[in-house]
Amino acid sequence: NEQDNHNEIKPRIVGDYYTWRAVGSHKVGTVSKGGWVHFYTGSPATRNGEKDIISGNITVNKELTGNLKITYGKLEDILGFSATKKETFSVSKVSAPLKKGEYVKAYYKKLYTKHEVTQRQYVTTNGMTYATKNYAYVYPLKPLMPQIKLEYYK
């Protein structure tokens, strides 16, 4: 039996305990993290009109900021995705036609969907569970396909 009690309840007897629960989750938006990371340098074109095909795998770690009070399992239940596994993206991009002697360098930037998870503390006393006024927030970042940029050099 849960009740919202506006007076702070403190455990009074042995056997009373505090727990944390996820009570809400929503997407905050898309964020990028870190700067541009160089991952490819092509060879100079041997004739006008050549194109370079840049492809590779980029592994992005999941990240959390804020104050995690619940287990990773409970966090993943409310989010609907893994909060700990790395994600690997296959990226590819074709350059514009190159002039003889021109080459490309490729860079990526990490992108994430940022979520906010609201956690609330509960106290169980005399067999009854009450919500406290204590909240904590955690911000899981779910990797998205990295942004790719090409720079052209002579």
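Quick note: numbers below take in every heavy atom, side chains included, and nothing from hydrogens, waters or symmetry partners.
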Point to revise | Backbone N/O of Trp20 and side chain of Gln119: donor-acceptor pair under 3.5 Å | key: no
Review point. How about Tyr130 and Thr124: do any of their side-chain heavy atoms sit closer than 4.5 Å?
Key: no
Point to revise | Common cluster, Met128/Tyr18, ILVMFWY with side-chain heavy-atom separation under 4.5 Å | key: yes
Exercise for review: Report the distance from atom CG of Leu141 to atom OG of Ser32, rounding to the nearest 0.5 Å.
Suggested key: 11.0 Å
Practice item. Determine whether Lys105 and Tyr107 make a side-chain contact, defined as any pair of heavy atoms from C-beta on separated by less than 4.5 Å. Key: yes
Exercise for review: Could you pull out the closest heavy-atom pair between Ser43 and Asp52, with the gap in Å?
Suggested key: N-OD2, 4.4 Å
Practice item. Spell out, yes or no, whether Leu111 and Val31 are grouped together once hydrophobic residues are joined by side-chain heavy atoms under 4.5 Å, including indirect joins. Key: no
Check your understanding: Are any non-hydrogen side-chain atoms of Val91 and Met145 less than 4.5 angstrom apart?
Key -> yes
**Study point:** Nearest non-hydrogen partners of Pro44 and Gly101, listed with the distance
**Key:** CB-O, 3.6 Å
Review point. In terms of hydrophobic clustering (I, L, V, M, F, W, Y; side-chain heavy atoms under 4.5 Å; direct or indirect links), are Leu79 and Tyr72 co-clustered?
Key: yes
**Study point:** Inter-residue atom distance Tyr108.OH - Trp36.CH2, 0.5 Å rounding
**Key:** 11.5 Å
Review point. Any side-chain heavy-atom pair from Ile70 and Thr19 closer than 4.5 angstrom?
Key: no
Practice item. Using distance alone, with no hydrogens and no angle criterion, decide if Glu116 and Tyr139 have a side-chain donor and acceptor under 3.5 Å apart. Key: yes
Check your understanding: Taking all atoms of both residues into account, what is the closest heavy-atom pair of Ser95 and Leu150, and its distance?
Key -> CA-CD1, 3.8 Å
Practice item. Return each pair, listed once, that meets side chain to side chain donor-acceptor pair (under 3.5 Å) where at least one residue sits in residues 58-67; pairs must be two or more places apart or across chains. Key: Lys33-Glu63, Thr59-Thr88, Lys62-Glu87, Glu63-Tyr112
Point to revise | Sidechain-backbone polar pair: His38 side chain, Tyr40 backbone, donor-acceptor under 3.5 Å | key: yes
Practice item. Determine, using the 4.5 Å side-chain heavy-atom cutoff (strictly less than), whether Leu144 and Ile148 are members of one ILVMFWY cluster. Key: no
**Study point:** Plane angle bin for His115 and Phe81 - parallel if under 30°, tilted between 30 and 60°, otherwise perpendicular
**Key:** tilted
Revision key, fill the gap. For Ala83 and Glu76 the tightest heavy-atom approach is N-OE2, 2.9 Å
Point to revise | Least distance between heavy atoms, Val138 atom then Leu75 atom | key: CG1-CD1, 4.0 Å
Practice item. Please check if Val104 and Val37 belong to a single hydrophobic cluster, counting links between Ile, Leu, Val, Met, Phe, Trp and Tyr side chain heavy atoms closer than 4.5 Å. Key: yes
Check your understanding: Does the pair Glu151/Lys149 count as a salt bridge with the N-to-O cut at 4.0 Å?
Key -> yes
Check your understanding: Which distance, rounded to the nearest 0.5 Å, do you find between the OH of Tyr137 and the OG1 of Thr118?
Key -> 5.0 Å
Check your understanding: Near Lys154 NZ, under 6.0 Å, is it more than 12 heavy atoms from other residues, nucleotides or ligands?
Key -> yes
**Study point:** Polar side-chain atom of Asn48 near backbone of Lys100 as donor-acceptor pair, under 3.5 Å
**Key:** yes
Check your understanding: Looking at side-chain heavy atoms only, is the closest gap between Val123 and Tyr17 below 4.5 Å?
Key -> no
Check your understanding: From Tyr152 OH over to Glu102 CD, what is the distance, rounded to the nearest 0.5 angstrom?
Key -> 7.5 Å
Check your understanding: Where the side chain of Arg21 meets the backbone of Gln121, is there a donor-acceptor pair that is under 3.5 Å apart?
Key -> no
